[in-house]
Amino acid sequence: MDKIVNLLESLTKLPGIPGREDAVAGFLMKYDGIDAEERRMDYSGNTWISCRGPSGPPVVLTAHIDEVGMKVKRIEDDGRLSVIGHEFMDLRTLASETVQVWTSAGPRTAFVYAGQQTTKPADYAGLKPDIVRLDLGVVGKAAAEELGVVPGNPVTYDPAFHKLGGDVYCAKAFDDRSGVAAILRALQLSAGRRKHRPLFIGTVQEEIGGHGADSVNFDTKPGAIINVDICGGEVYSLPEPDRRPMLGKGPILHDGPEVSQGMLRSLIEIAAAGEIPVQRGAATGRGADQSILQKKCGGLPVFGIILPMAF
């Protein structure tokens with residue numbers, strides 16, 4: 001348990017908003033805990049790690065390495081920063097939080113001002129990106145510039161990693177550093193007894209539409225693709241009291257229209273043989289990266305494994 005927790009902590013502390021995933025990619029290129037035979041980064045920033053195994057088409061394991069975040073849009077005259085995020089970012093998570101602004105001189109901590117009120121608001125419907133400001137604790141544009149801040153600097157949530165009760169952990173970027181950690185741990189545990197050669201691809205820019213997966217070009221068509229991600233859309237629609245009990249009951253086997261039913265049956269059998277608890281998840285929509293890669297390969301068996309989380 002300690003190995004996967006330590007690995008997850010290391011990964012979540014790294015910055016990696018879409019298009020700026022180089023810190024996570026650098027970690028993967030240097031990570032020596034697996035029997036990698038070849039590592040490379042493609043022009044889009046995806047990280048490819050091929051491990052030892054039998055000859056033949058590889059089984060591709062994928063997880064995206066980007067995270068939800070923002071960029072500095074402008075340094076205002078008062079020294080605070082306006083920001084730009086992507087369309088799926090929930091601004092309700094920002095009010096009164098601290099974030100990291102990643103400058104060339106290193107990360108700078110900032111407090112988020114998001115139109116706080118001294119009276120209780122009816123809701124957060126009026127929370128818009130243009131009222132969000134990051135306060136660096138300095139006054140004036142020149143003072144902010146002296147800290148190394150420039151427009152375009154990545155902004156990520158606070159990197160603190162917390163252990164809650166009941167072996168529950170809390171941190172930023174579990175989407176999808178938890179998938180990355182799970183695959184790396186699986187590669188460690190399977191070394192020397194594999195029936196197929198694994199190829200791990202850490203994809204970029206998934207949070208803004210799967211652009212990393214869409215840029216992948218295989219020299220050899222894979223035998224199958226397994227994508228590991230966190231709770232999908234079919235879980236988001238559940239109210240919080242229904243999502244939370246999913247924790248601790250094993251991964252969710254994503255049964256969407258694109259998945260291979262043969263792979264589903266095999267994974268259920270493998271889990272039963274290893275006494276690994278799993279949950280079944282019916283979905284009407286296609287998964288993200290695995291569906292993109294399936295179409296790019298002209299069709300092949302794909303499957304999605306979802307790690308349950310509470311939000």
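- Just one of Asp22, Val204, Thr47 meets the side chain to side chain contact (heavy atoms under 4.5 Å, CB included) condition when paired with Met41; it is Thr47.
- Not one N or O on the side chain of Glu146 forms a donor-acceptor pair closer than 3.5 Å with the backbone of Ala144.
- Proximity of a side-chain donor or acceptor of Lys172 to a complementary backbone N or O of Leu14 within less than 3.5 Å is detected.
- Note on Ile226: it does not cluster hydrophobically with Ile276, by side-chain heavy-atom contacts below 4.5 Å among ILVMFWY residues.
- The shortest distance between side-chain heavy atoms of Lys141 and Glu76 does not fall below 4.5 Å.
- When only modelled atom types and interatomic distance are considered, Thr62 and Gln290 share no side-chain donor-acceptor pair under 3.5 Å.
- Under the 4.5 Å side-chain contact rule for hydrophobic residues, Val278 and Val228 share a cluster.
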Pair Leu81, Arg74 - check side chain to side chain contact (heavy atoms under 4.5 Å, CB included), show working.
CA-CA 6 Å; Leu81 314 177; Arg74 183 174 53 248; over 6 Å; no
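- Summarising the geometry of Gln294 relative to Leu300, their closest heavy-atom pair is NE2-O, 3.2 Å, with the distance given to 0.1 Å.
- Of all heavy-atom pairs between Arg280 and Ile268, the closest is NH1-CD1, 3.4 Å.
- Looking at His211 and Gln205, their side chains never bring a donor and an acceptor atom within 3.5 Å of each other.
- At a cut-off of 3.5 Å, with distance as the only test, a side-chain donor of Gln261 or Asp255 sits close to an acceptor on the other residue.
- Here the NZ-CG distance, from Lys3 to Leu189, works out to 8.0 Å after rounding to the nearest 0.5 Å.
- Contact of the Cys51 side chain with the Pro198 side chain is registered, since non-hydrogen atoms from C-beta on lie closer than 4.5 Å.
- Both Val138 and Val132 are part of a single hydrophobic cluster, where members link through side-chain heavy atoms under 4.5 Å apart.
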Might you work through the side chain to side chain contact (heavy atoms under 4.5 Å, CB included) test for Leu307 and Asp229, ending with a clear yes or no?
CA-CA 6 Å; Leu307 306 177; Asp229 208 335; over 6 Å; no
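- Here the closest non-hydrogen pair linking Ile34 and Arg39 is CG1-NH2, 4.2 Å.
- Checked against ring pair (Phe, Tyr, Trp, His ring centres under 6.0 Å), Phe218 has the following partners two or more places apart in sequence or in another chain: Trp48.
- Among all heavy-atom pairs drawn from Ala63 and Asp176, the shortest one is CB-OD2, 3.4 Å.
- Here the shortest heavy-atom pairing between Ser260 and Phe303 reads O-CD1, 4.0 Å.
- A chain of hydrophobic side-chain contacts below 4.5 Å, direct or via other Ile, Leu, Val, Met, Phe, Trp or Tyr residues, connects Met70 to Ile75.
- Using a 4.5 Å heavy-atom threshold, the side chains of Leu164 and Tyr169 count as separate.
- Each of Leu28, Thr12, Leu7, Leu8 was scored for a side chain to side chain contact (heavy atoms under 4.5 Å, CB included) with Val180, with one residue passing: Leu28.
- The only option from Val60, Val59, Leu187 that meets the side chain to side chain contact (heavy atoms under 4.5 Å, CB included) definition with Phe200 turns out to be Leu187.
- Atoms CG and CD1, on Leu184 and Ile49 in that order, are 6.5 Å from each other to the nearest 0.5 Å.
- For the residue pair Asn6/Asp2, the side-chain donor-acceptor check at 3.5 Å is not satisfied.
- Considering only heavy atoms from C-beta on, Arg197 stays 4.5 Å or farther from Arg52 through its side chain.
- In this structure, Lys296 places its NZ atom where more than 12 heavy-atom neighbours from other residues, nucleotides or ligands lie under 6.0 Å away.
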Could you go step by step and tell me if Thr156 and Glu67 meet the side chain to side chain donor-acceptor pair (under 3.5 Å) rule?
CA-CA 8 Å; Thr156 62; Glu67 65 183 284; 5.0 Å; no
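- The shortest side-chain heavy-atom distance between Pro54 and His196 does not fall under the 4.5 Å cut-off.
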Kindly determine whether Ile17 and Val68 satisfy side chain to side chain contact (heavy atoms under 4.5 Å, CB included), including the steps that lead there.
CA-CA 6 Å; Ile17 67 170; Val68 173; over 6 Å; no
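- Residues Met309 and Ile230 share a closest heavy-atom pair of CE-CG2, 3.4 Å.
- Counting only N and O atoms by type, the side chains of Thr98 and Asp158 include a donor and acceptor under 3.5 Å apart.
- Looking at heavy atoms from C-beta onward, His254 lies out of side-chain contact with Ile252 at the 4.5 angstrom threshold.
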What's the verdict on side chain to side chain donor-acceptor pair (under 3.5 Å) for Asn227 and His64, showing C-alpha distance, side-chain angles and the deciding distance?
CA-CA 9 Å; Asn227 184 58; His64 67 89; over 6 Å; no
Start with the C-alpha distance between Leu293 and Val216, add both sets of side-chain angles, then the distance that settles side chain to side chain contact (heavy atoms under 4.5 Å, CB included), and finish with yes or no.
CA-CA 8 Å; Leu293 294 173; Val216 166; 3.8 Å; yes
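- Expressed to the nearest 0.5 Å, how far OG of Ser178 lies from CD1 of Ile183 amounts to 10.0 Å.
- Looking at residues two or more places apart in sequence or on another chain, you find a side-chain contact (heavy atoms from CB on, under 4.5 Å) between Thr103 and Val101, Ala105, Arg108, Val149, Asn153.
- Annotation: the span from Ile225 atom CD1 to Cys297 atom SG amounts to 5.0 Å, rounded to 0.5 Å.
- Residues satisfying the salt bridge (Lys or Arg N to Asp or Glu O under 4.0 Å) test with Lys221, not counting sequence neighbours, are none.
- Distance CD/Gln100 to CH2/Trp102: 6.0 Å, rounded to 0.5 Å.
- Glu206 places none of its side-chain heavy atoms less than 4.5 Å from the side chain of Ile65.
- Results of the side chain to side chain contact (heavy atoms under 4.5 Å, CB included) test with Asp66 over Glu207, Arg177, Arg20 single out Glu207 as the only residue that passes.
- At least one side-chain heavy atom of Leu134 sits less than 4.5 Å from a side-chain heavy atom of Val155.
- A side-chain donor from one of Asn46 and Ser215 sits under 3.5 Å from a side-chain acceptor of the other.
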